[in-house]
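Read through the structure below, which is laid out as structure tokens, and then see the notes.
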Amino acid sequence: MKLKHLFNTITLAVVVIGLNTPIEGGEAANSNRVFASAEATQPLAVGEKLPEVTIRNLDGASLGLSEALGGKPALLMFYRGGWCPFCNTHLGELATVQDSLLETGIRIFALSPDKPEKLRESLEQHEIDYTLLSDSEMKAAKAFGIAFRVEKKTVSRLKDRGMDLGESAGQDHGLLPVPSVFLVDAEAVIRFVYSNPDYRVRINPDSLIQAVRDNLK
């Protein structure tokens, strides 16, 4: 399945920021934001600090996101799950440029709602030298402002096609993240954001490399 590529020569990012109110949480509860649709999400912006949330590694062990980054600049890529063909294509594309990205001194993490067991399945599909993390409870996606509730009819339709969101996450929350990329510096400050509510459109790998080089000089 072929991906569409989107390249913005000015900002290298498509970020949808609206005046929408989360259906859960609010300004005083940014760590628990869930939006009514992908279009309504409000990703964290450049200049904001990395939120402290708990995720899980391949072994199922819990750890803090800042602990995983280890005080080093990092690229955080949120994807919908190993069940999504567009995400699988994107994971594969990221793998083709991972060496160039790692040469810049950053660490690369890909987060999804998949439970740890499902992450291992993704590793078997791609030659990945970057780290996969489980955000099965969607804590990170909520804190980054990219979590939205999937319509029940869409959940049912996906399940009928063999894409069971609840089974993949081990959670029946009915949530997904908008596929997004956040570049964080060594001080845990966000330096670049790409977030597009159209899950079919992902950042071009070459544009991603350029964004890292431009924003982590």
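Across all their heavy atoms, Leu58 and Pro116 have their closest contact at O-CB, 3.4 Å.
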Report the C-alpha separation of Arg120 and Asp59 in whole Å, then their side-chain angles, then the decisive distance to 0.1 Å, and conclude whether the salt bridge (Lys or Arg N to Asp or Glu O under 4.0 Å) test is met. CA-CA 9 Å; Arg120 291 190 179 278; Asp59 297 321; 2.8 Å; yes

Under the side chain to side chain contact (heavy atoms under 4.5 Å, CB included) rule, what do Ser195 and Ile146 come out as? Steps first, then yes or no, please. CA-CA 8 Å; Ser195 188; Ile146 57 173; 4.0 Å; yes

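Between Phe78 and Phe144, the ring centre distance stays below 6.0 Å.
Of the possible donor and acceptor atoms, one in the side chain of Arg149 sits under 3.5 Å from a partner among the backbone N and O of His173. Here the side chain of Asp135 pairs a donor or acceptor atom with the backbone of Ala140 at under 3.5 angstrom. When atom types are taken as modelled, the side chain of Glu48 and the backbone of Ala45 share a donor-acceptor pair closer than 3.5 angstrom. A donor-acceptor pair under 3.5 Å is absent between the side-chain atoms of Ser207 and the main chain of Ile203, judged by distance alone. For Gln98 (side chain) and Asp129 (main-chain N/O), a donor-acceptor pair under 3.5 Å exists by modelled atom type. Judged by distance alone, with hydrogens and angles left aside, the side-chain atoms of His90 form no donor-acceptor pair with the main-chain N or O of Arg200 at under 3.5 Å. No donor-acceptor distance shorter than 3.5 angstrom exists from the side chain of Thr104 to the backbone of Leu102, with no hydrogens or angles considered. Without hydrogens or angle criteria, Thr41 side chain to Ala147 main chain gives no donor-acceptor distance under 3.5 Å. Looking only at distances, no side-chain donor or acceptor of Lys118 sits under 3.5 Å from a matching main-chain atom of Trp83.
For the pair Leu176/Leu165, a side-chain contact is recorded, criterion being any heavy-atom separation below 4.5 Å from C-beta on. Within the 4.5 Å cutoff, no side-chain heavy atoms of Leu76 are placed close to those of Leu183. No side-chain heavy atom of Leu208 sits less than 4.5 Å from a side-chain heavy atom of Asp206. Between Ser168 and Lys115, every side-chain heavy-atom pair lies at or beyond the 4.5 Å cut-off. In this structure, Glu137 and Thr54 have side chains that are not in contact, with every pair of non-hydrogen atoms separated by 4.5 Å or more. Side-chain contact between Phe192 and Val212 is absent, with no heavy atoms from C-beta onward closer than 4.5 Å. Leu91 has its side chain within reach of Tyr130: a pair of non-hydrogen atoms, C-beta onward, lies under 4.5 Å apart. The side-chain heavy atoms of Tyr79 and Leu132, taken from C-beta on, include a pair separated by under 4.5 Å.
Residue Val53 is not grouped with residue Val189 when hydrophobic side chains (ILVMFWY) are merged at heavy-atom distances under 4.5 angstrom, including chains of intermediate members.
The neighbour count for Glu151 CD, taken as heavy atoms of other residues, nucleotides or ligands under 6.0 Å away, does not exceed 12.
Side-chain contact check for Ser112 and Arg80: no donor-acceptor pair (N or O, by modelled atom type) lies under 3.5 Å. Using modelled atom types, one finds a donor on one side chain and an acceptor on the other under 3.5 Å when comparing Ser66 with Glu52.
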For residues 153-162, run the donor-acceptor check on the side chains, cut-off 3.5 Å, and write out each pair with its distance to 0.1 Å, sequence neighbours left out.
from, atom 1, to, atom 2, distance (Å)
Ser156, OG, Lys152, O, 3.1

